[in-house]
> 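One structure is given below, represented as structure tokens, and several questions about it will come after.
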Amino acid sequence: MTESRLKTAAHTPPGTERGAVDGAAGERLRRDPVAQRVRRVPASGIRRFFDIINTMQDVISLGVGEPDFVTPQHIRQAGIRSLEEGHTAYTSNFGMLELRRRIAAHLEQRYGVAYDPTTEVLVTAGVSEALDLAVRATIDPGDEVIIPEPSYVSYAPCVIFAGGEPVMVPTSAADGFAVTARQIAAACTPRTKAILLGYPNNPTGAAVPRHELAAIVRLAGEHDLLIYSDEIYARLVYDGWEHTCVASLPGARERTILLNGCSKCYAMTGWRIGYACAPAPILEAMMKVHQYGLLCAPTMAQYAAIEAFDHGEPDVQAMLAEYARRRRMFIDGLNRIGLTCHVPQGAFYAFPSIRITGMSSDAFAERLLYEEKVAVVPGSAFGPSGEGHVRMCYATAYEQLEEALRRLERFVQAHRQA
Ligand code: PLP
């Protein structure tokens, strides 16, 4: 924004003299200090449970959606080394070029999609920030964003905070929670600006087959829509499932903002490294928001991320193998005790049905916590279509998962409806 376009105190519209004291303004602040679009968004349904868990002992937590592994030693060392060498200043707003080069090379090598690291890659403070930037840089007030549901808790709030309107498209266990192009088409209106995809999905673990994603991309082309694609679980897929990077599909690259990061695959949640890739004009707009809001992602963490891209692949494979082992045992166990669960293709979540108990997902989660000390997240936290399910994260030690299953079995037997 240029100086001349900024409103200054000297530019006073007629009838609103500056400097005049308005007594009612003080009253208004006391009554109503929070912006409407922030008030509209309820607090995360997950947080309440963690407040309760923090007051209890011996709880098995299947609640938090993050790896139970510590960041691999050599990646931690790279962060520490960067501090010892005195790399404590800001980096380029885009992020270190060495890191952007690694990101571009990774995407080209793995998915065959090419981005220019100098103009089309932005390093962010996690996918969380990348998504916020993507939406804020592209959404005008009233624009609609289609979001398949159940969905990750931040998607709809991000759109609302940006002044847009989330339009939720329910998916169900019967379809493996995989959205279809037909469902999205039915939700399109002239106000639709974008589709927000998050596959493999949190909370369901579902992935969408390549041909269906290709149909969604074609639909986006027909309606001239943007696609935000959150692929944070891209590396965590099982049983030979091949992740499809949406931007690699024909016709997708020019309308897709690809979001990914280091949190899940390298067990680096606390380092806060994500990235966004998009055509230069879109990325430049995101960069503007990022530059004024954050300046750059943490420098030490960027050094650690370079090490992760260079030498972290064996760690990804080892963690993936362990998640796969737990997933098999845990999903089988849930189905055996009557908590029917579709087999998730990716991420590290089970999203079983709790219908057998006749409880709401909120009641189930609360009673399970108090009666058996197992923490899960009610499906309703991920939107109304998550009701009837709970989310259980199996990024938890194998023995803990076995114990959780024993407690769950006892709970289900006690509350099973005839
Ligand atoms: N997107 C999804 C689908 C997630 O599950 C999460 C974290 O749970 C995030 C984004 C946030 O990731 P980050 O740590 O990169 O901000």
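Both counts, for ligands and for their atoms, begin at 1 and track the order of listing. When a residue number appears, it is its place in the shown sequence, counting from 1.
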> Using side-chain heavy atoms (C-beta onward) and a distance below 4.5 Å, is M300 in contact with P298?
no
> Mark yes when over 12 heavy atoms from residues, nucleotides or ligands other than R182 sit less than 6.0 Å from its CZ; otherwise mark no.
no
> Distances only, to 0.1 Å: what are the N or O pairs between ligand 1 and the protein that fall under 3.5 Å?
unit_1: ligand 1; atom_1: 1 (N); unit_2: D230; atom_2: OD2; d: 2.6
unit_1: ligand 1; atom_1: 5 (O); unit_2: N202; atom_2: ND2; d: 2.8
unit_1: ligand 1; atom_1: 5 (O); unit_2: Y233; atom_2: OH; d: 2.7
unit_1: ligand 1; atom_1: 8 (O); unit_2: K264; atom_2: NZ; d: 2.5
unit_1: ligand 1; atom_1: 14 (O); unit_2: S263; atom_2: OG; d: 2.7
unit_1: ligand 1; atom_1: 14 (O); unit_2: R272; atom_2: NH1; d: 2.8
unit_1: ligand 1; atom_1: 15 (O); unit_2: V127; atom_2: N; d: 2.7
unit_1: ligand 1; atom_1: 15 (O); unit_2: S263; atom_2: OG; d: 3.3
unit_1: ligand 1; atom_1: 16 (O); unit_2: V127; atom_2: N; d: 3.3
unit_1: ligand 1; atom_1: 16 (O); unit_2: S128; atom_2: N; d: 3.0
unit_1: ligand 1; atom_1: 16 (O); unit_2: S128; atom_2: OG; d: 2.5
unit_1: ligand 1; atom_1: 16 (O); unit_2: R272; atom_2: NH2; d: 2.7

> Please evaluate residues F364 and H415 with respect to the criterion ring pair (Phe, Tyr, Trp, His ring centres under 6.0 Å), reporting the C-alpha separation (whole Å), side-chain torsions for both, the decisive distance (0.1 Å), and the verdict.
CA-CA 10 Å; F364 183 100; H415 298 287; 8.5 Å; no
> Measure from the ring center of Y228 to the ring center of Y155 and say whether it is less than 6.0 Å.
no
> Distance-only, no hydrogens or angles: does the Y238 side chain make a donor-acceptor pair with backbone N or O of A347 under 3.5 Å?
yes
> Taking the six-membered ring for Trp and the full ring for Phe, Tyr or His, determine whether the centres of Y323 and F69 are under 6.0 Å apart.
yes
